[in-house]
Every structure is written in structure tokens, then in C-alpha cells.
Protein chains: 2
Amino acid sequence: MNARPSSKILAAPALYEQVAERLRTRIFAHELPQGGWIDEQALAVEYGISRTPLREALKVLASEGLVVLKPRRGCYVTELSEQDIDEVFPVMALLEGRVAEEAARRATSADFARLTTIHAELEKHAAANNADRFFEANQRFHAALQEIAGNRYLAQLIDDARKVIKLTRRDSLRLEGRLKQSLAEHRTILEALRLKDPALAGQRMHEHLLSGRAALAKLATAG
Amino acid sequence: MNARPSSKILAAPALYEQVAERLRTRIFAHELPQGGWIDEQALAVEYGISRTPLREALKVLASEGLVVLKPRRGCYVTELSEQDIDEVFPVMALLEGRVAEEAARRATSADFARLTTIHAELEKHAAANNADRFFEANQRFHAALQEIAGNRYLAQLIDDARKVIKLTRRDSLRLEGRLKQSLAEHRTILEALRLKDPALAGQRMHEHLLSGRAALAKLATAG
DNA sequence: AGCCATGATACTGCATCCATAATTATGAAT
DNA sequence: ATTCATAATTATGGATGCAGTATCATGGCT
């Protein structure tokens with residue numbers, strides 16, 4: 001069957017890419033549980049496709065670190081150990097810090113206006129205590145910074161790292177008080193950007209990320 | 001044909017992985033030229049395999065950034081623009097700097113002895129003006145640092161970045177005087193490690209990488 | 001003479017099929 | 001009853017086949 005043919009609006013992505021995206025969504029939703037076996041046949045039947053594009057999609061996900069391919073054994077959703085998280089977050093903090101630094105150097109007044117708009121949404125959703133929308137706006141804020149920083153390779157690495165982190169079932173924004181804390185940190189970052197102080201922006205962003213990891217750690221003990 | 005079956009010494013890598021590795025080698029050797037089209041059929045015939053594992057290998061290389069997949073058009077070796085290089089190197093410098101920093105914190109005396117040994121080889125090959133061996137020893141030095149730093153994710157990113165950089169046909173070590181300069185920089189890095197000064201080691205490594213990029217830039221103008 | 005249309009060619013992308021290896025189930029022996 | 005050996009089942013990995021589309025060449029038209 002395979003979606004309606006009318007979906008071919010300007011260069012349809014390859015089937016394996018569509019499949020990869022669907023699988024990512026399911027993995028992030030933890031619908032496919034960590035460490036769980038991925039049944040190629042079942043998925044192929046479910047998607048109404050053959051195993052070929054599915055297997056190609058899995059190769060892609062494997063190089064993204066979302067699944068592990070055990071030769072002759074099959075494919076499993078990656079399990080993140082506490083150590084893994086402790087390795088990824090500092091790198092993420094480093095990269096995001098760099099983005100903030102560069103963004104502070106390059107941001108035009110138009111860029112700053114855009115960031116301010118997004119930040120206003122963060123304030124709104126935090127006030128409403130809406131973690132989902134806050135999360136979404138947060139993503140857009142970081143994405144905007146990446147664009148302003150203007151280093152696509154750096155942005156790519158951050159996106160990849162974010163995918164890995166999303167493997168965790170825990171969501172620090174759900175932690176009591178974390179949402180407000182995150183907002184406060186964002187305020188200081190925006191302030192540093194406004195001051196056009198690259199070092200300060202980088203430093204605060206760096207701390208912001210590490211603060212996120214600490215929140216995650218609290219969740220681990222709390223259950 | 002497919003290598004001798006006797007090569008199954010303890011968990012043979014999947015065929016697509018072997019193919020990916022062979023392709024990487026050919027790409028780095030510029031045997032497959034930048035921007036060049038990759039003929040799936042011809043390669044499959046040459047390797048004596050079907051197109052299936054070959055295509056899977058290409059998916060992996062694509063997510064490594066070594067090739068680009070144009071839907072319905074085929075696969076092409078990635079072309080690095082000057083801008084791409086200017087985006088990758090600063091990130092590389094950032095990551096390698098971090099590795100050096102962490103390594104300075106964690107290195108035991110045994111680790112330091114190992115680094116000293118490798119550095120001695122660098123000195124030797126630099127004296128002999130042997131760029132190939134210098135390059136190889138240089139790789140081992142950086143690999144050793146990564147291991148000492150103990151962050152596998154960080155190491156992974158560096159390895160990936162290094163692959164991208166290797167796409168360039170230019171080799172800065174061939175530049176007159178660069179080999180000696182690189183050696184001198186290595187000396188200062190080792191010195192910082194010996195002093196167990198993380199900040200200094202990180203800073204010097206960072207500069208070392210940027211210095212490498214500058215050398216590459218000179219090569220660009222020199223031809 | 002140059003340009004556009006039409007047809008031939010060739011390659012990509014997906015499906016299907018097959019061989020091999022791993023896992024599980026069954027049964028026998030200790 | 002437990003354990004080990006053996007057979008059946010199932011899934012992975014690779015090969016082959018086929019449909020759809022992009023590219024290239026040839027020929028007609030302006």
C-alpha cells in the first residue's frame with residue numbers, strides 16, 4: 001500500500017528515509033522499548049513494505065546510535081547506561097556552549113528579535129506549567145541559535161547528540177521546579193546574548209546543559 | 001568471490017561493513033574522486049557481491065558524511081567546500097581540546113609513559129622527514145589521548161570528524177615546515193600534560209588543530 | 001542552425017526468493 | 001529430574017528480478 005501516491009509533492013523522500021523517520025518517532029516515544037528486539041518481518045508487514053528498505057533504515061539508525069546491530073542476531077534499540085549519559089551530556093554542553101558563543105558574536109538585531117519572541121513563548125508556557133509546549137519552544141530556541149551561529153556541522157553534531165539523549169525515558173522538565181529553573185537559565189542566556197558577550201553566553205549555555213543533566217540524575221534516584 | 005571463508009575468525013563483520021570499510025579506504029585514497037558518481041553495479045561486480053549489501057554500505061557512508069545520496073539520481077562522493085572545512089575544523093579543535101583537557105586530568109604515569117613513547121616516534125619520523133610515518137604516529141598519539149580521556153562518545157565524534165577531513169586531497173604535513181611545526185606543537189602539548197595542567201593542555205591542543213587548518217589553507221593557495 | 005519533443009537506454013529503488021546460522025523445542029540418557 | 005544432544009523452526013543476510021524514472025540520443029519543427 002505505502003501512503004497515497006499523491007504524497008509525491010516535489011521530490012518524495014526515499015522510502016527508507018520515511019521508514020527511518022517513523023522508527024525514530026516510535027523509539028523516542030518508547031513505543032519500541034530500550035533494549036527491545038526489533039522484529040523486521042513484523043514491521044515490514046505493518047508498514048506494508050518489504051524488508052529491504054526497512055533494513056536500510058535500520059543501518060541509518062544504527063549509525064545514529066539509536067539501535068545496535070548484532071550480526072546474525074538482529075537489531076535492538078540502544079540502551080543508554082548512566083555512564084553513556086555522563087559521556088554525552090558534557091559533549092553536548094561543550095557544543096551548545098560553542099553555538100551560544102558564536103551566536104552572540106553574529107546575532108543581528110533581527111536575530112535577537114526572533115530569539116526574544118521564542119523566549120516569550122517559553123515564559124508563557126512555563127507560567128502555564130505546560131511542559132510539552134515548553135519543550136517544543138525550547139527546541140526552537142536552540143535551533144534558532146544554531147542557525148544564527150551558522151555552523152552546519154556543529155549543528156548536525158548537536159542534533160545527533162540530542163537524538164541519543166532522547167532515548168532516555170526520563171524527562172527532566174517534568175521534575176518539580178525544573179521548568180522554572182530552566183526558564184531562569186534561559187533568561188540569563190538571552191541576557192548574555194543581548195550584551196553580545198560571547199564568552200558569557202557560552203559559559204551560561206554550558207552550565208544550562210549540565211544543569212539539565214543534573215536534573216536528569218535527580219529523576220533517576222526519585223524513580 | 002568474497003574473501004576466504006577462513007576469515008571468519010571470531011564474529012566476522014557483516015558484509016556491508018566490510019564493503020563500507022573498503023569504500024572508505026578508496027575514498028580517502030581519492031581513488032573515488034570527490035563529487036564523482038559511485039557506480040553501484042560496477043562496484044558490485046568488482047567486489048563479486050550483489051547490490052544489496054553495497055547499497056547498505058552506502059547508507060552508512062552517507063550518514064558519516066562521506067557520500068551524498070541523491071534520490072533517484074544515485075550516490076556521489078561528498079565534495080568539501082572551503083566553507084565546510086572552516087566549519088569542521090573549529091569543532092574538531094573544540095573536541096580535541098576537550099580530550100586533551102580531560103586526558104591531562106586523568107593520565108596515570110603509565111599513560112604518560114605511553115604518550116612519551118609515541119612522541120619519541122614522532123620526533124624520529126620528523127627527523128627523517130617521513131610524513132607518512134609521522135602521520136601514522138600522530139594518529140596513534142591522538143587515539144591514545146582519546147582513550148585516556150575515557151569518553152567514548154567524544155572519541156566517536158572526533159573519529160567521524162577526522163573522516164570528513166580526510167576527504168580533502170590536501171595533506172598539510174606535506175607543506176614545507178609544517179611537519180616540524182606540528183612536532184613543536186606536540187612537544188608543548190606533552191609538556192602541558194606532564195604538568196597536569198588541563199586548561200593549558202586543552203588550549204594548546206585547540207591551537208594545534210587550528211594551526212593544522214591554517215596550514216591547509218596555505219596549501220590551497222599554493223596549489 | 002538551434003531548440004524542443006519523443007523514444008531508447010540505463011540505473012535506481014523496492015519486492016521476492018533462497019541459503020545459512022541461531023534459537024527453540026523435543027527427546028534420550030545419566 | 002536434570003542435562004545434553006539433536007532436530008525443527010525461525011530470522012538474518014545476500015542474491016536476483018522487476019517496475020518506475022532520470023538521462024541521453026535521435027529526429028522533427030521553428
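Chain naming here is simple, since letters A, B, ... match the order of the sequence lines and numbering starts at 1 in each.
For the segment residues 37-44 of chain B, residues with any heavy atom less than 4.0 angstrom from an atom of DNA chain C are, sorted by number, B:Trp37, B:Ile38, B:Glu40, B:Gln41. At a non-hydrogen distance threshold of 4.0 Å, A:Arg72, A:Arg73 from residues 59-75 of chain A come into contact with DNA chain C.
Residues satisfying the side-chain hydrogen bond (donor to acceptor under 3.5 Å, both in side chains) test with A:Arg72, not counting sequence neighbours, are none. Under the rule for a side-chain hydrogen bond (donor to acceptor under 3.5 Å, both in side chains), A:Asp159 has no partner lying at least two apart in sequence or in another chain. Residues meeting the side-chain hydrogen bond (donor to acceptor under 3.5 Å, both in side chains) test with A:Asp39, sequence neighbours left out: none. With sequence neighbours left out, B:Pro90 forms a side chain to side chain contact (heavy atoms under 4.5 Å, CB included) with A:Arg98. Annotation: side chain to side chain contact (heavy atoms under 4.5 Å, CB included) contacts of A:Glu79 (sequence neighbours excluded): A:Gln34. Among residues two or more places apart in sequence or in another chain, the side chain to side chain contact (heavy atoms under 4.5 Å, CB included) test is passed with B:Ile118 by B:Arg140, B:Phe141, B:Ala144.
At whole-Å resolution of the value, OH in B:Tyr16 and P in D:dT12 are 13 Å apart. Atom-to-atom, CG of A:Leu54 to P of C:dG13 comes out at 17 Å; the value is rounded to the nearest Å. If you take OH of B:Tyr47 and P of D:dG14, they are 15 Å apart, rounded to a whole angstrom. Rounding to whole angstrom units, CG of residue B:Leu15 and C1' of C:dA19 are separated by 14 Å. Regarding B:Glu56, its CD atom lies at a distance of 13 Å from the C1' atom of C:dG13, rounded to whole Å.
Salt bridge status for B:Arg51 with A:Glu56: absent, with no side-chain N to carboxylate O gap under 4.0 Å.
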Identify each donor-acceptor pair in which a side-chain atom of residues 161-170 of chain A lies under 3.5 Å from a protein atom, sequence neighbours left out, and give them as a table.
from	atom 1	to	atom 2	distance (Å)
A:Arg162	NH1	A:Gln139	OE1	3.4
A:Arg162	NH2	A:Glu96	OE2	2.4
A:Lys163	NZ	A:Glu64	OE2	3.4
A:Thr168	OG1	A:Ile165	O	3.1
A:Arg170	NH1	A:Leu216	O	2.9
A:Arg170	NH2	A:Glu82	OE1	3.2

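Contact annotation: A:Ser50 side-chain N/O to C:dA15 OP1/OP2 distance is under 4.0 Å.
With hydrogens and angles ignored, a donor-acceptor pair under 3.5 angstrom links the side chain of A:Arg51 to the base of D:dG13.
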